Engineer: 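My questions all concern the structure below.
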Amino acid sequence: MNRVFLKNVVIITLLLMFGGVIAAQDNNSLNTISREQKLYEFSVIYRELYYNFANMDNCHGIDIDSLYREYIPVIARTKDDYDYFRTAHRFLCMFGNGHTYCIPPDYATQNSSRPMFTTKRVGKKVVVDKVCKIYGGKIKSGDEILTINGMTPDEYREKMLLPYTFASNIEAKKEMAQIGFRGDCFSFKHENKQLDMTVKRKNIEEKVSVPFISFSDYPTDSEQYRQIYDFYNTAYAASADAFATDKKNDFAYIKLAACYEQFDKFFFENYDNIVKYKNLIVDLSDNRGGGGQYTYNVLSALVDRDTILSTRSTTKINNSAQKAKASSRIYYWNDSTVSREEKDMFYPFFYNNAFEAIDWLPEYYVNEIPDSLRYKGNIYLIVNGCTVSAAESFVAMLAQNPKVKILGRQTNGALGQPLVNELPSGMKFYIDTYKTLDTKGIDISKGIKPDYYCDFTDICLTPNPKERLRRYIEVVKQQTGR
């Protein structure tokens, strides 16, 4: 993955992780959106969510109307534009779905700031992993974080990160809400935010204050800008495409970082080598998705079938006439006189819970790769809570190959097609419109569960692909007995 592509990935990630929120026409104006406009825009979010969100059955304990009423005064009281966007995003994150969230206007990134270090979990400890040189040694790789702003790392994640993290299951939320650069730890330049931390370094506790940093604070030809740019590339190094082999154990390994053109290109650049091995590890950890169309050729190579089944989907439908039929029976009829047939036919529309299959999605497609050229060996898929969207669909469809085993953690649950809507303020919001089923008809809208639960956090961060492969092979053999 080249440096330019990595920078683009980072910018997209900053937006998706709510890395910056608008200010207005200029950076000094923080209150350009009136109270009335905020409430109007919030009502639009509620309306579209109410009629189109397909996964309310996964939102246990949440009543959409009650939550909307609860948030109306909160939205009205937001102190500035930044606070408004952040609050609207938090509202949508309450619905626990990987395809339901807010993104501020594109120009917001110039007002965002983030901590320039990454962390990893070592057992129950949170340890600093990679650090931008701009901090001048103030914080170091290997430091164990004991407290952050007076809270334990778990308390900080619970209070400051999880409410702004969008995923369809709690484990994926926790995995995405990483303390530091790669999590939802965002701020805005005017807030001058910093993390006051207690760290343990060589068994000695130290107090450190780590400021949030913005790319736009420094000229592009400055040393600080170069340090930040180099850190961006380092922070995502282990997420880059990679290929390695192990002749002794008869394993090939391929890391596919995102579902774009490179997904197909990189796979087939290495395919002649892949088919030489009896075992293949396909690493989709931290793959944030992209376009499903870029995965079909790879699926054709790895699924030894002439026809490949697709995932299935249902979506909400609204029918005013049937809703009206239900309303007359609910308000004016004696319930005992309403037949079960009528209740089943009309009532789902009144209670906004009517679904239909999406019949224009193909049930299968023809495998155009000849049988003789398909991969015949064992396949081990590596996934985690940051395996998202098109990458999850790839996993669900590849699983129809009986030689596939899935290892890792439950995926994010960002399946299906999100509805996108742009508001007058420039904020976009996304709402998941699909209830997604796998090729066997099992609901996977909360994410795909692995065959073998494993914590690969440390292995995923191993920068050397050969060393990563060696460690994966150990776990695969131990877990599957193959």
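On a predicted model such as this, the values are computed, not experimentally measured, just so you know.
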Engineer: Asn297 and Ser300: side-chain donor and acceptor closer than 3.5 Å?
Structural biologist: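 Per modelled atom types, Asn297 and Ser300 side chains form no pair under 3.5 Å.
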
Engineer: For Ile444, run the side chain to side chain contact (heavy atoms under 4.5 Å, CB included) check against Thr439, Asp438, Leu437 and tell me which one passes.
Structural biologist: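 One option only clears the test, and that one is Asp438.
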
Engineer: Examine the side chains of Ser425 and Glu41 and answer whether a donor and an acceptor come within less than 3.5 Å of each other.
Structural biologist: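 On atom types as modelled, these side chains qualify, holding a pair under 3.5 Å.
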
Engineer: Applying side-chain contact (heavy atoms from CB on, under 4.5 Å) to Val128 and Ile145, what does each step give before you reach the verdict?
Structural biologist: CA-CA 7 Å; Val128 176; Ile145 300 176; 4.0 Å; yes

Engineer: Can you tell me if Thr315 and Lys435 form a side-chain donor-acceptor pair at under 3.5 Å?
Structural biologist: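 Their side chains do not contain a donor-acceptor pair, so the 3.5 Å distance test is not met.
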
Engineer: Only one of Asp455, Asp154, Asp458 forms a salt bridge (charged side-chain N to carboxylate O under 4.0 Å, His left out) with Arg121, so which one is it?
Structural biologist: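 Only one option passes, and that is Asp154.
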
Engineer: Can you tell me if Asn55 uses its side chain to pair, donor with acceptor, with the backbone of Asn58 under 3.5 Å?
Structural biologist: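 Flag not set: sc Asn55 to bb Asn58 has no pair under 3.5 Å.
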
Engineer: Using 0.5 Å steps for rounding, measure from the CD1 atom of Ile254 to the CD1 atom of Ile379.
Structural biologist: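 If we round to the nearest 0.5 Å, Ile254:CD1 and Ile379:CD1 are 11.5 Å apart.
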
Engineer: If you define the side chain from C-beta out and look only at heavy atoms, does anything of Asp286 sit under 4.5 Å from Thr387?
Structural biologist: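 The answer is no; the side chains never approach within 4.5 Å.
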
Engineer: Using a cut-off of 6.0 Å, state whether more than 12 heavy atoms not belonging to Glu342 lie near its atom CD.
Structural biologist: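 Yes, CD of Glu342 has more than 12 neighbouring heavy atoms, counting only those of other groups under 6.0 Å.
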
Engineer: Should the pair Arg90-Asp83 be classified as a salt bridge under the 4.0 Å nitrogen-to-oxygen rule?
Structural biologist: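 Salt bridge: no.
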
Engineer: Side-chain contact test, heavy atoms from C-beta onward, threshold under 4.5 Å: evaluate it for Cys386 versus Arg288 and give yes or no.
Structural biologist: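 Yes, at least one pair of side-chain atoms sits under 4.5 Å.
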
Engineer: Carefully, step by step, assess Phe181 and Tyr232 under the rule ring-ring contact (aromatic ring centres under 6.0 Å, His included).
Structural biologist: CA-CA 9 Å; Phe181 174 76; Tyr232 275 21; 5.1 Å; yes

Engineer: So, Asn378 and Asn279: side-chain donor and acceptor under 3.5 Å apart, yes or no?
Structural biologist: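 A pair is found: one side chain offers a donor N or O, the other an acceptor, under 3.5 Å apart.
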
Engineer: Check the side chains of Asp129 and Thr119 for a donor-acceptor pair under 3.5 angstrom, ignoring hydrogens and angles.
Structural biologist: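 On atom types as modelled, these side chains do not qualify, holding no pair under 3.5 Å.
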
Engineer: Does the side chain of Lys477 pick up a donor-acceptor pair with the side chain of Asn249 at under 3.5 Å?
Structural biologist: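 Checked: Lys477/Asn249 side chains pair up, N/O donor to acceptor below 3.5 Å.
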
Engineer: Give a yes or no on whether a salt bridge exists between Arg471 and Glu474, defined as a side-chain N under 4.0 angstrom from a carboxylate O.
Structural biologist: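 So Arg471 does not pair with Glu474 through a salt bridge.
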
Engineer: Indicate yes or no: at least one non-hydrogen side-chain atom of Leu419 is less than 4.5 angstrom from one of Phe53.
Structural biologist: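 They are not in contact (no side-chain heavy atoms under 4.5 Å apart), so the answer is no.
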
Engineer: What heavy-atom pair brings Thr100 and Phe166 nearest, and what distance separates the two atoms?
Structural biologist: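 Reported closest heavy-atom pair: O-CB, 3.8 Å.
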
Engineer: Walk me through whether Tyr271 and Phe267 qualify under ring-ring contact (aromatic ring centres under 6.0 Å, His included).
Structural biologist: CA-CA 6 Å; Tyr271 191 58; Phe267 179 86; 5.4 Å; yes

Engineer: Atom SG of Cys460 and atom CG of Asn384: how far apart are they, to the nearest 0.5 Å?
Structural biologist: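 Those atoms lie 5.5 Å apart.
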
Engineer: Does a sphere of radius 6.0 Å around CZ in Phe355 hold more than 12 heavy atoms from other residues, nucleotides or ligands, not counting ones at 6.0 Å or beyond?
Structural biologist: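 Above 12, so yes.
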
Engineer: Quiz question: by atom type and distance under 3.5 Å, do the side chains of Glu392 and Thr411 form a donor-acceptor pair?
Structural biologist: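 Checked: Glu392/Thr411 side chains pair up, N/O donor to acceptor below 3.5 Å.
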
Engineer: So that I know where these two stand, are Phe429 and His89 an aromatic pair - ring centroids less than 6.0 Å apart?
Structural biologist: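 Phe429 vs His89: aromatic centres not under 6.0 Å.
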
Engineer: Using the rule given for side-chain contact (heavy atoms from CB on, under 4.5 Å), can you reason through Tyr434 versus His99, listing the C-alpha separation, both sets of side-chain angles and the distance that settles it, and then say yes or no?
Structural biologist: CA-CA 10 Å; Tyr434 283 20; His99 266 166; over 6 Å; no

Engineer: Salt bridge between Arg470 and Asp246, side-chain N to carboxylate O under 4.0 Å?
Structural biologist: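 So Arg470 does not pair with Asp246 through a salt bridge.
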
Engineer: Does the side chain of Ile358 come within less than 4.5 Å of Gln417's, by heavy atoms?
Structural biologist: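 Counting from C-beta outward, Gln417 and Ile358 never come under 4.5 Å.
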
Engineer: Distance from Tyr364 atom OH to Leu309 atom CG, nearest 0.5 Å?
Structural biologist: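 The OH atom of Tyr364 sits 10.0 Å away from the CG atom of Leu309.
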
Engineer: Would you mind reporting whether Asp306 and Val366 have side-chain heavy atoms less than 4.5 Å apart?
Structural biologist: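 No, too far: nothing below the 4.5 Å cut-off.
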
Engineer: Take Glu269 and Lys265 through the salt bridge (Lys or Arg N to Asp or Glu O under 4.0 Å) test and state the conclusion after the steps.
Structural biologist: CA-CA 6 Å; Glu269 283 175 353; Lys265 182 174 182 290; 2.6 Å; yes

Engineer: May I ask you to check whether Tyr101 and Tyr430 place their ring centres under 6.0 Å from each other?
Structural biologist: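 Ring centres of Tyr101 and Tyr430 closer than 6.0 Å.
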
Engineer: Please test Ile228 against Met116 for side-chain contact (heavy atoms from CB on, under 4.5 Å), starting from the C-alpha separation and ending with a verdict.
Structural biologist: CA-CA 8 Å; Ile228 298 171; Met116 293 294 164; 4.1 Å; yes

Engineer: Which is it for Phe263 and Tyr294 under the ring-ring contact (aromatic ring centres under 6.0 Å, His included) test, yes or no, and what are the steps along the way?
Structural biologist: CA-CA 7 Å; Phe263 186 98; Tyr294 301 114; 8.8 Å; no

Engineer: How long is the gap from CD on Glu422 to CE on Met427, to the nearest 0.5 Å?
Structural biologist: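 Here the interatomic distance stands at 10.0 Å.
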
Engineer: Looking at side-chain heavy atoms only, is the closest gap between Gln262 and Asp241 below 4.5 Å?
Structural biologist: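 Yes; the side chains approach each other to less than 4.5 Å.
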
Engineer: Can you confirm whether Met397 sits close enough to Ile308 that some side-chain heavy atom of one is under 4.5 Å from a side-chain heavy atom of the other?
Structural biologist: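 Side chain of Met397 against side chain of Ile308, heavy atoms only: contact under 4.5 Å found.
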
Engineer: When you look at NZ of Lys343, are more than 12 heavy atoms from neighbouring residues, nucleotides or ligands closer to it than 6.0 Å?
Structural biologist: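 More than 12 heavy atoms, drawn from other residues, nucleotides or ligands, come within 6.0 Å of this atom.
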
Engineer: Is the OH atom of Tyr365 crowded by more than 12 outside heavy atoms at less than 6.0 Å?
Structural biologist: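 Count over threshold, so yes.
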
Engineer: Under the criterion salt bridge (Lys or Arg N to Asp or Glu O under 4.0 Å), I'd like the reasoning laid out for Asp451 against Lys405: C-alpha separation, chi angles, the key distance, then a yes or no.
Structural biologist: CA-CA 6 Å; Asp451 299 309; Lys405 297 296 181 186; 5.3 Å; no

Engineer: Answer yes or no: does atom OH of Tyr51 have more than 12 heavy-atom neighbours from other residues, nucleotides or ligands under 6.0 Å?
Structural biologist: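 Counting other residues, nucleotides and ligands, OH of Tyr51 stays at 12 neighbours or fewer.
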
Engineer: Can you tell if the side chain of Thr118 reaches within under 4.5 Å of the side chain of Phe231, non-hydrogen atoms only?
Structural biologist: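 They are in contact (side-chain heavy atoms under 4.5 Å apart), so the answer is yes.
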
Engineer: I'd like to know if the side chain of Asn367 reaches the main chain of Arg305, judged simply by a donor and an acceptor atom lying under 3.5 Å from each other, with no hydrogens or angles considered.
Structural biologist: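 The answer is yes, because a donor-acceptor pair under 3.5 Å joins these two groups.
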
Engineer: Are Asp264 and Tyr296 linked by a side-chain donor-acceptor pair shorter than 3.5 Å?
Structural biologist: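 Checked: Asp264/Tyr296 side chains show no N/O donor-acceptor pair below 3.5 Å.
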
Engineer: What I want to find out is whether Asp81 reaches Arg86 closely enough, with some N-O distance under 4.0 Å, to be called a salt bridge.
Structural biologist: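 Not counted as a salt bridge, because no side-chain N and carboxylate O are separated by less than 4.0 Å.
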
Engineer: Are Phe456 and Tyr472 close enough that their ring centers fall under 6.0 Å?
Structural biologist: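 Ring-ring flag for Phe456/Tyr472: true, centres closer than 6.0 Å.
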
Engineer: Counting only heavy atoms not in Glu467, do more than 12 fall under 6.0 Å of its CD?
Structural biologist: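 Yes.
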
Engineer: Could you grab the distance from atom CD1 of Ile75 to atom CD1 of Ile45, nearest 0.5 Å is fine?
Structural biologist: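 The distance works out to 7.0 Å.
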
Engineer: For Lys255 and Ser285, does a side-chain donor sit closer than 3.5 Å to a side-chain acceptor?
Structural biologist: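 Their side chains do contain a donor-acceptor pair, which is all the 3.5 Å distance test asks for.
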
Engineer: Just checking, is any N or O donor in the side chain of Arg409 or Tyr453 under 3.5 Å from an acceptor N or O on the other one?
Structural biologist: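 Per modelled atom types, Arg409 and Tyr453 side chains form no pair under 3.5 Å.
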
Engineer: For the backbone of Phe212 and the side chain of Lys193, can you confirm whether one donor and one acceptor N or O come within less than 3.5 Å of each other?
Structural biologist: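 Not at all, since once roles are kept as given, no pair shorter than 3.5 Å links the two residues.
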
Engineer: Less than 4.0 Å between a side-chain N and a carboxylate O, is that true for Arg340 and Asp344?
Structural biologist: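 Between Arg340 and Asp344 there is a salt bridge, with a charged N closer than 4.0 Å to a carboxylate O.
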
Engineer: Which label fits Tyr68 and Tyr46: parallel for a plane angle under 30°, tilted from 30 to 60°, or perpendicular past 60°?
Structural biologist: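 Ring orientation, 0 to 90° scale: parallel.
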
Engineer: Check step by step if side-chain contact (heavy atoms from CB on, under 4.5 Å) holds for Ile281 and Val476.
Structural biologist: CA-CA 9 Å; Ile281 295 175; Val476 166; 4.3 Å; yes

Engineer: Between Asp371 and Lys376, is there a salt bridge with N-O shorter than 4.0 Å?
Structural biologist: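 Asp371 and Lys376: salt-bridged.
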
